[in-house]
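Atoms considered below: every heavy atom in the structure, side chains included; atoms not considered: hydrogens, waters and symmetry mates.
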Amino acid sequence: MAVKIKLKRLGKIRSPHYRIIVADSRTRRDGRAIEEIGLYHPVQNPSRIEVNSERARYWLSVGAQPTEPVLAILKLTGDWQAHKGLPAPAPLLQPEPKADKRALFDSLSLDGDETKGEAITQKAKKSDKKADEASDAASTESTEA
């Protein structure tokens with residue numbers, strides 16, 4: 001019997017999360033598992049990866065073959081390198097928080113003046129338009145006479 005370490009999908013349609021399982025290679029993706037050895041939540045920021053390293057290394061040592069996604073996860077956690085006798089990877093780094101785009105825009109004002117994204121031209125009000133039309137009409141009448 002060939003044993004695989006693979007992902008079992010759980011969760012709603014657009015919010016997947018997975019369990020890392022050890023199962024017979026002939027079972028379906030979400031089928032019966034021999035053992036659950038970890039979690040993977042890709043939607044969280046940063047993504048959540050939990051692997052029981054002792055059990056993962058045991059199953060690798062007895063010949064279980066990881067699928068490609070699980071192999072990538074095991075390389076991130078360092079379990080694959082420990083199994084193969086390679087040097088350990090660098091620790092996972094937490095992403096830096098993104099800079100506030102509005103503050104960056106305000107700090108890079110082109111003219112150096114203190115306007116903070118205000119409109120350059122004034123919007124004309126409807127009553128002002130009517131007054132302008134009335135004054136234009138009056139000026140054209142006076143020029144005709």
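Residues Val43 and Leu7 fall into different hydrophobic clusters, defined by Ile, Leu, Val, Met, Phe, Trp and Tyr side chains chained together at heavy-atom separations under 4.5 Å. Note on Leu10 and Leu39: separate hydrophobic clusters, where clusters join Ile, Leu, Val, Met, Phe, Trp and Tyr whose side-chain heavy atoms are under 4.5 Å apart, directly or indirectly. Put simply, Ile73 and Trp80 are part of the same group of oily side chains (I, L, V, M, F, W, Y) that touch within less than 4.5 Å, one to the next.
Among all heavy-atom pairs drawn from Ala33 and Ala23, the shortest one is CA-CB, 4.2 Å. Arg9 approaches Ile13 most closely through the heavy-atom pair NH2-O, 3.3 Å. Taking each heavy atom of Pro42 and Pro16 in turn, the nearest pair found is CD-O, 3.7 Å.
Scored by the ring pair (Phe, Tyr, Trp, His ring centres under 6.0 Å) test, Trp59 finds no partners at all (sequence neighbours excluded). Residues passing the side-chain contact (heavy atoms from CB on, under 4.5 Å) test with Gln65 are Lys4, sequence neighbours excluded. Every residue two or more places apart in sequence or in another chain that forms a salt bridge (Lys or Arg N to Asp or Glu O under 4.0 Å) with Arg48 is listed here: Glu50. Legend: residues meeting side chain to side chain donor-acceptor pair (under 3.5 Å) with Lys8, ordered by chain and number and at least two apart, are absent.
Between the CD1 atom of Ile34 and the CD1 atom of Ile21 there is a distance of 9.0 Å, given to the nearest 0.5 Å. Atom CG of Asn52 and atom CD1 of Ile20 lie 10.5 Å apart (nearest 0.5 Å). Distance check: Ser53 OG to His83 NE2 gives 13.5 Å after rounding to the nearest 0.5 Å.
Counting heavy atoms of neighbouring residues, nucleotides and ligands inside a 6.0 Å radius, atom CZ of Arg32 does not exceed 12 of them.
Identified under the salt bridge (Lys or Arg N to Asp or Glu O under 4.0 Å) test for residues 58-83, with sequence neighbours left out: Arg57-Asp79. Residue pairs meeting the salt bridge (Lys or Arg N to Asp or Glu O under 4.0 Å) criterion with at least one member in residues 13-23, sequence neighbours excluded: Arg19-Glu36.
Counting only heavy atoms from C-beta outward, the side chains of Tyr40 and Val70 never approach each other to under 4.5 Å. Put simply, the side chain of Arg29 does not reach to within 4.5 Å of the side chain of Lys6, judged on heavy atoms. Counting heavy atoms from C-beta on, the side chains of Leu76 and Leu74 never come closer than 4.5 Å.
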Open item on the list: Please determine whether side chain to side chain contact (heavy atoms under 4.5 Å, CB included) holds for the pair Ile5 and Ile37, giving the CA-CA distance in whole Å, both sets of side-chain angles, and the decisive distance to 0.1 Å.
Closed with: CA-CA 9 Å; Ile5 303 174; Ile37 61 171; 4.0 Å; yes
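Not one N or O on the side chain of Ser47 forms a donor-acceptor pair closer than 3.5 Å with the backbone of Gln44.
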